[in-house]
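Down below is the structure, laid out as structure tokens.
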Amino acid sequence: MKHEETIFSGFGGQGALFAGQLLAYTGMAENLYVTWIPSYGPEMRGGTAHCTVIVSAEEIGAPIVQRPSAAVVLNLPSMEKYEPLIKSGGYLVVNESLIDIKSEREDIHVLYLPASDIATELGNPKMANMVLLGAFVTATGLVSLETIAAQLTAHLSGRQQQWLEPNKQALQRGAELVSA
Amino acid sequence: MKHEETIFSGFGGQGALFAGQLLAYTGMAENLYVTWIPSYGPEMRGGTAHCTVIVSAEEIGAPIVQRPSAAVVLNLPSMEKYEPLIKSGGYLVVNESLIDIKSEREDIHVLYLPASDIATELGNPKMANMVLLGAFVTATGLVSLETIAAQLTAHLSGRQQQWLEPNKQALQRGAELVSA
Amino acid sequence: MAKGMVIIDVERCKGCGLCTHVCPVNILELSPDTFNAKGYRPVTVTDMDECIGCAACATICPDVVFTVYRQRRQRATATA
Amino acid sequence: MAKGMVIIDVERCKGCGLCTHVCPVNILELSPDTFNAKGYRPVTVTDMDECIGCAACATICPDVVFTVYRQRRQRATATA
Amino acid sequence: MTKELLKGNVAFAEAAVRNGLQAYFGYPITPQSEALEHFSGRMIELDRVFLQAESEVAAINMVYGAASSGVRVMTSTSGPGLALMAEGLSYIAGSEIPVVVVNMMRGGPGLGNIQPSQADYNFMTKSAGHGNFHPLVLAPANIQEIIDMVGLAFELAEKYRTLVMIAGDGSIGQMMEAAELPPMQEISTARPAWAVTGAVGRAPNLITSLYLGAEKLEKVNIRLQQKLATIEENEIRWQEYETEDAELLLVAYGTVGRICISVLRAARQQGLKVGLLRPQTLWPFPTARINELAAQMQGVLVAEMSAGQMLVDVEHAVAGKTPVRFYGRMGGVIPMSAEILEAVKQVQEEVS
Amino acid sequence: MTKELLKGNVAFAEAAVRNGLQAYFGYPITPQSEALEHFSGRMIELDRVFLQAESEVAAINMVYGAASSGVRVMTSTSGPGLALMAEGLSYIAGSEIPVVVVNMMRGGPGLGNIQPSQADYNFMTKSAGHGNFHPLVLAPANIQEIIDMVGLAFELAEKYRTLVMIAGDGSIGQMMEAAELPPMQEISTARPAWAVTGAVGRAPNLITSLYLGAEKLEKVNIRLQQKLATIEENEIRWQEYETEDAELLLVAYGTVGRICISVLRAARQQGLKVGLLRPQTLWPFPTARINELAAQMQGVLVAEMSAGQMLVDVEHAVAGKTPVRFYGRMGGVIPMSAEILEAVKQVQEEVS
Amino acid sequence: MNTTTQIPENMELVYQYPDSMTKTYTHYCPGCVHGIVHRLVGEVLDELDLREKSIGVAPVGCSVLIYNYFNVDFVEAAHGRAPAMATGLKRTNPDKFIFTYQGDGDLAAIGTAEIIHAANRGELISTVFINNAIYGMTGGQMAPTTLPGMKTTSSPGGRDCKIAGYPIKMSEILAQTEGAAYITREAGTDIRSIRKLKKAIKRAFLTQIEGLGFSCVEVLANCPTNWNMDPWESMLWSKEQMTPYFPLGTYKMREEVKALKV
Amino acid sequence: MNTTTQIPENMELVYQYPDSMTKTYTHYCPGCVHGIVHRLVGEVLDELDLREKSIGVAPVGCSVLIYNYFNVDFVEAAHGRAPAMATGLKRTNPDKFIFTYQGDGDLAAIGTAEIIHAANRGELISTVFINNAIYGMTGGQMAPTTLPGMKTTSSPGGRDCKIAGYPIKMSEILAQTEGAAYITREAGTDIRSIRKLKKAIKRAFLTQIEGLGFSCVEVLANCPTNWNMDPWESMLWSKEQMTPYFPLGTYKMREEVKALKV
Ligand SMILES: Cc1ncc(C[n+]2csc(CCOP(=O)(O)OP(=O)(O)O)c2C)c(N)n1
Ligand SMILES: Cc1ncc(C[n+]2csc(CCOP(=O)(O)OP(=O)(O)O)c2C)c(N)n1
Ligand code: SF4
Ligand code: SF4
Ligand code: SF4
Ligand code: SF4
Ligand code: SF4
Ligand code: SF4
Ligand SMILES: [Mg+2]
Ligand SMILES: [Mg+2]
């Protein structure tokens, strides 16, 4: 039965919350149950932001979890915080561009991607989140890349629509890196 | 055992509350337990005002009573309200000057005094309360007239001190009328 | 003949005396001996013939005691 | 020789760039390539010799990044 | 059925709009500001009334005014704002007009923080202001439920002419879930007979909570209490999960209630016969049902994001029939299902 | 012993002055305005601080400020004013500073009237604001007791750094009785170490209720709850009357408590074995003692000037050991001893 | 009223009981300006034919029972909150005429924020503000408008402004707000001022009807009871003592308001 | 700070970190004027030697954590109540220097009554009032001072003053109160205005110290984050857009205040 509890985490502005939302939209589009819940703190900039996304074939109880089945980490503090918490057999997706440490766990799948570098190459370092998301769903098979791309089209805000194609490319690049 | 539950009642400004307080001060001076509790309403003029004074040889529980053992009534509405409530064997003291009805009860002591007329005669119709109080304590023997007079001296407010002697006379006139 | 007249709603009067101070012809006074049902000495008119219907009394009365009439003039009259 | 000099507390800088707009001799810019621990591109001085010690940078900096020195004048100097 | 992925704050706001909300007055406060923001766009767009008040004190009195004229009106806030509304809420209760208030609870007391909490339970269910009254309190556990409860809240508020509160626990305002919004409802232009709308062809109406004379005010209080009694008779709502064969009962509401669904699943997997009762109305409280269930239980565990407020009501309901234990987190900490499961096991051990 | 005939409002105000009150901030409201008026003369005369605030919201925050610097400070109010203080009270609780508030309860909800009431029991004992807290609540039944309780209130507030309320019921503010005031106490110029007094020779002090981070705020909440637990252990106060051989227990506080003394006398005269327990602290509540007494009783009658608020605590205490019945008046009606006696007889009949 | 009185034919009615008012006997003390202003409000409601369109908002203060005296829908606000309640009413009933009637404790102390923000929003409501320099209802405590040196039950030594603050000038403050269209301070203490006051009330009400913005008429009044004066003495005292501190006059009047015919 | 740097002998220190401030890194967004004003407050506390005498009152708003940045005793007020809390502090600690630091939501919305009455009482406290035309902390909702047409998260179509009310001018209002001794509106958006602002803060603080009455310095500020601008752009926007609506200048200055040397 499909059931993935994923944490997306990074600096404010790195798009962790949006990547999580996009996954939730996609799960919903694929007729799965989903919850998305952000950490929220005093509305000031500069802190870390994370969200928990649950995608499941079954109705969801707790929307937050102590030990996620997966974590997508965009920066070092997130890596340090969530790497130890991932359930055995789970996934850790790492933005290698900004995180220069490696996981020592052998009971989880770890994917390292130079996400920020790829994103910068595609025109905007803020798209690192999409690189990681593309890699994550491809590795886990949780949802299909096509559905994500469709949801991206639907949910990228007006100002961001100019970045639609590059974002799709970022997803694609992430996917390619893990399926390669 | 001494125990008297008295209601003083009249128009606002007729001094029902003060007469009650004076009785309470006097009871205290005579080493009795006392409570004084006013009716209080929206602070507007023109309504009726009443208070309940309990003077007792024993510690006092309820400070208000459904059926007083005595009532001192300064105006007609007060008469109409409290006359029926007085306990059998109790006292009703009536300001005859303003109340032209009579009690038909035979189980209580009723004293009629032309209090306002006497007070006017003594210089101020507002002293009717003292006439009635003098009569009441004399008839019941609850406290002594001397102690009241002493308390009057102690508790008449600054502006009212000019009326001290006339007030004492009013007490005396009331007392004389019942002991006569 | 009187230029004006007032009707007094005795029971509404609280005997505040304000009207007695503003009547330009000084015909209002508090009743020296009678009381109304509320226990106030209500206002009375000493000489209605003197009334000029100026409505000063009605203008200051807090208790809407007065109804005021005035002799019709030739030209249209503004209301108070 | 320089008329002034500034010391920059790199770690306090948030890279807001305000100082770069007010320096009268235009010697401040945000570091194009380095980041401080908080992840900001901190301000740097391109040519300290040009600094006149006017303290404009310190006056506008919201994060108290600058310490400013100025050549002693003959007459007493008012502080900023 | 068209579900959308909706954030709790936006969901309840849009649900209110579609339920024919005529006016919203509020003051920003985390964690419910997105609701106010949503109203600010939607209500104006629909040519209805939206006004950001200068304070919660003003907001609740604006609501009071609007409700007096018989329109559908609401506000939303969180702890400190709710406290500032206490006087107004009491006036509204005394005036017997229908008003809906959403409280997205955050950590307290005082400024506390903005993390989720359930520590306003007593404030809402026991008093919410001075005098003999308290609101009817609904407690949603997911986005669909908060949407549905908005409609229910208006219905109940208007049916009983009473104050209805929706008690969210911060997280429910922030989380997203798929849910279906109701269809857009026409705004009714009819106004109830008691409302102030201008005294045309009838005696003037008066909306007041002032009753001079103790006997008069006592009558009003008796009426209010009777109304509350009627509500207590008719409007108790809760949901049960696997209680038929349960030997240990979990009682929890809101977000903790849904977390307990996960706890229950995990417990059952481990062979523990756990059931869950999730109150959907905090007042009136499902006292009788809990009492009934208590008979079959070896123990009851109450879980809350508070120091144990609903706990007292559960204890009252259980009435000594079986031991009642408590697991609580405070200050904005959301309990994890694993922690509660631990607590369940502990109770299990203790009682067996 | 020199007793004076004192009005309740004046008595507690003067008692506060003599207990070394350094500052009073308040806003007039019936039935406690005489206290504010008394302070207005006495405090200024003694060169202490008296200020009539622009509202109760301001008053409680002035109190909050003054208390933060470690001085002895208080306010007094009634229902609507208390409701407006809810936010401030919660901040004070969260900041753990000692504050004393007198509430002379009047008829509610809303504007209600100004007659005596006990309908703020829940508001005071269960919440008094948002978040996990409630004050320590003292309930005087006569003038001497309110005088003594003012001293006690300051003592407890300062000992536990907590919020203490004195719950008067309107009539106690208005009535006069003979009582003895305490001697004039010197004002202590010492300030506690936690107070803000200017950071001279020490690290800055901070008075706050803000704790970012759920774990931090949870710790504070745990400390607050532990403090409440300690208070519950040490500070329960009540008075008993003829309970030794009683078969029927009256429970009542404040003015109703003293009325029940008359009820008890009358009942005993009629051969009814009635006893009375009068809580002097409403929180913490004499739960254990009532539970203990319940064992010997055929029934318990709770009398209140409310819809039955303390009733719930008594039921909780009795825990099913014996039937609990209620006699209440609302909206400012003071129950007469004769009415309560009737209720006693009815319970007697019902249970025997 | 004595209806049997014969009215001579050459007489015309120049003053009669306002239709908008009930015949209920007021609870005010003898000579209290509250009564005068009530009457003026009634007359203006009549003249502008507003009775059936009106919703009044009662304050907490001596005029708490104002609703008993008008044939008009009313709500009873919490102390000081009348402008907020009026805002709620007006926003949802834009075709109705909404007015508040407030005392100085109500408007200038506990309700300061609400009146200022209602004014600043240009809320289409009208406020009648009775400044009697005292808390009448609760027994004569100091009001925010109590004069320097004035003795009250909570300033027994006379208001010491250094400690108790200064009498607050609400009209001056309200005039500073953008949304206020008409702010004036009048008096209700003699025939001339009362006639002017009535015009001001009418102008204020018309300001709302014409949609021009917020309007407020401050009325320097009296409180014979708590001032411990007889009514006429209190009128003179109000004029002599209050007016110098609270100068009469129009503090704000938009051009469109000036153009209104009253 | 890099302490190894060699300071040439002919150089003198002209600017250094204020003693009254802690070295704590602030939580403010890059380029936020809150930081500039904090610094100025720190400098003035230093210059007037007030650190050990001071008790600060923190608001609820972005500057809620101000106490972390000063070596000064602090209390954290409820939203808008800082002036009341300051009053309680000052009355019981007349020898201490008490200041509040408040945002526009805090001071001009929910705390309107408290600031006006503190001013009107002539409370001996000083207020620094940061007007950034927005609710910064809660995510950029409309403030009472938000400009006409300005888009915020709660005025998504731009502030429509007919509905949402007009930007409120607090300095103009506070200047109307008797107890205010010094009320000025400054800006924190360029070198000249910042230097002037510092003098104003110093004057305000001295006003309290000399017992002259209430003082308040309004600061036109910025909020790059919620205005969606880069910091410098926000400074220019503040100057260009806010100043016309909120004219800079001294709105009230008692003679004795004018005489103060700053
Ligand atoms: C929250 C609250 N605080 C206090 C009161 C008590 N109170 C009633 S009226 C009033 C003041 C009345 O003064 P004012 O507004 O000047 O009206 P006036 O009686 O002088 O006409 C006060 C303090 C209340 N009802 N509610
Ligand atoms: C009673 C209450 N209502 C609302 C809030 C939420 N709140 C916190 S700060 C704030 C506004 C902040 O704006 P401002 O005062 O302008 O300060 P800024 O962040 O812009 O500096 C609000 C509405 C609160 N904490 N308490
Ligand atoms: S109408 Fe004029 S003249 Fe006639 S009684 Fe009245 S005030 Fe006097
Ligand atoms: S003014 Fe009116 S109430 Fe006063 S005395 Fe004259 S008629 Fe009577
Ligand atoms: S002191 Fe003046 S010249 Fe030197 S860096 Fe700063 S702004 Fe530029
Ligand atoms: S102003 Fe300060 S924080 Fe901003 S870039 Fe310059 S040094 Fe850095
Ligand atoms: S107390 Fe004063 S304001 Fe109130 S009715 Fe009497 S005179 Fe008028
Ligand atoms: S949100 Fe705005 S006001 Fe707050 S710190 Fe950031 S820039 Fe400054
Ligand atoms: Mg007044
Ligand atoms: Mg702001």
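Throughout, a chain's letter reflects where its sequence line sits, starting with A, and its residues are numbered from 1. Because only heavy atoms are used, hydrogens play no part in the values below, and waters and symmetry mates are left out as well, while side chains stay in.
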Under the criterion side chain to side chain contact (heavy atoms under 4.5 Å, CB included), I'd like the reasoning laid out for Asp120(E) against His130(F): C-alpha separation, chi angles, the key distance, then a yes or no. CA-CA 5 Å; Asp120(E) 302 343; His130(F) 60 286; 3.4 Å; yes
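- Considering CG of Leu84(F) and CG of Leu84(E), their distance stands at 8.0 Å, rounded to 0.5 Å.
- The contact between Leu210(E) and chain F is made by backbone and side chain atoms together, counting heavy-atom distances below 4.5 Å.
- Of the inter-residue distances, the one linking Gln309(F) atom CD with Asn132(E) atom CG reads 5.0 Å to the nearest 0.5 angstrom.
- Between the CD atom of Glu87(E) and the CE atom of Met85(F) there is a distance of 11.0 Å, given to the nearest 0.5 Å.
- With respect to chain E, the highest number of heavy-atom pairs below 4.5 Å among Ala86(F), Gly320(F), Gly328(F) belongs to Ala86(F).
- Within the 4.5 angstrom heavy-atom criterion, atoms from both the backbone and the side chain of Ala307(E) approach chain F.
- Contacts with chain E were tallied for Pro116(F), Ala93(F), Gly331(F); Gly331(F) has the most, counting heavy-atom pairs under 4.5 Å.
- With chain E as partner, the option from Ser117(F), Gly108(F), Ala214(F), Gly94(F) having the largest number of non-hydrogen pairs under 4.5 angstrom is Ala214(F).
- Of the listed residues Gly129(F), Gly213(F), Gly308(F), the one with more heavy-atom pairs under 4.5 angstrom with chain E than any other is Gly129(F).
- In terms of modelled atom types and a separation under 3.5 Å, the side chain of Ser90(F) and the main chain of Gly110(E) share a donor-acceptor contact.
- In this structure, Phe123(E) and Ser127(F) approach most closely via the heavy-atom pair CD1-OG, 3.4 Å.
- Taking chain F as the reference chain and counting heavy-atom pairs below 4.5 Å, the highest number among Lys126(E), His134(E), Lys216(E) is found for Lys126(E).
- Contact count against chain F (heavy-atom pairs under 4.5 Å) is highest for Pro109(E) among Gly79(E), Gly81(E), Gly107(E), Pro109(E).
- Looking only at heavy-atom pairs under 4.5 Å with chain F, the residue among Gly88(E), Gly112(E), Gly332(E), Ala83(E) that has the most is Gly112(E).
- We find the NE2-CG distance between His316(E) and Asp313(F) to be 9.0 Å, quoted to the nearest 0.5 Å.
- For Arg329(E), the parts sitting under 4.5 Å from any heavy atom of chain F are the backbone and the side chain alike.
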Stepwise, does the side chain to side chain contact (heavy atoms under 4.5 Å, CB included) test hold for Met330(E) with Leu217(F)? CA-CA 7 Å; Met330(E) 295 184 286; Leu217(F) 184 57; over 6 Å; no
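- Chain F forms the most heavy-atom pairs under 4.5 Å with one residue out of Ile334(E), Leu111(E), Asn122(E), Val220(E), and that residue is Leu111(E).
- Heavy atoms of Glu315(E) lying under 4.5 Å from chain F belong exclusively to its side chain.
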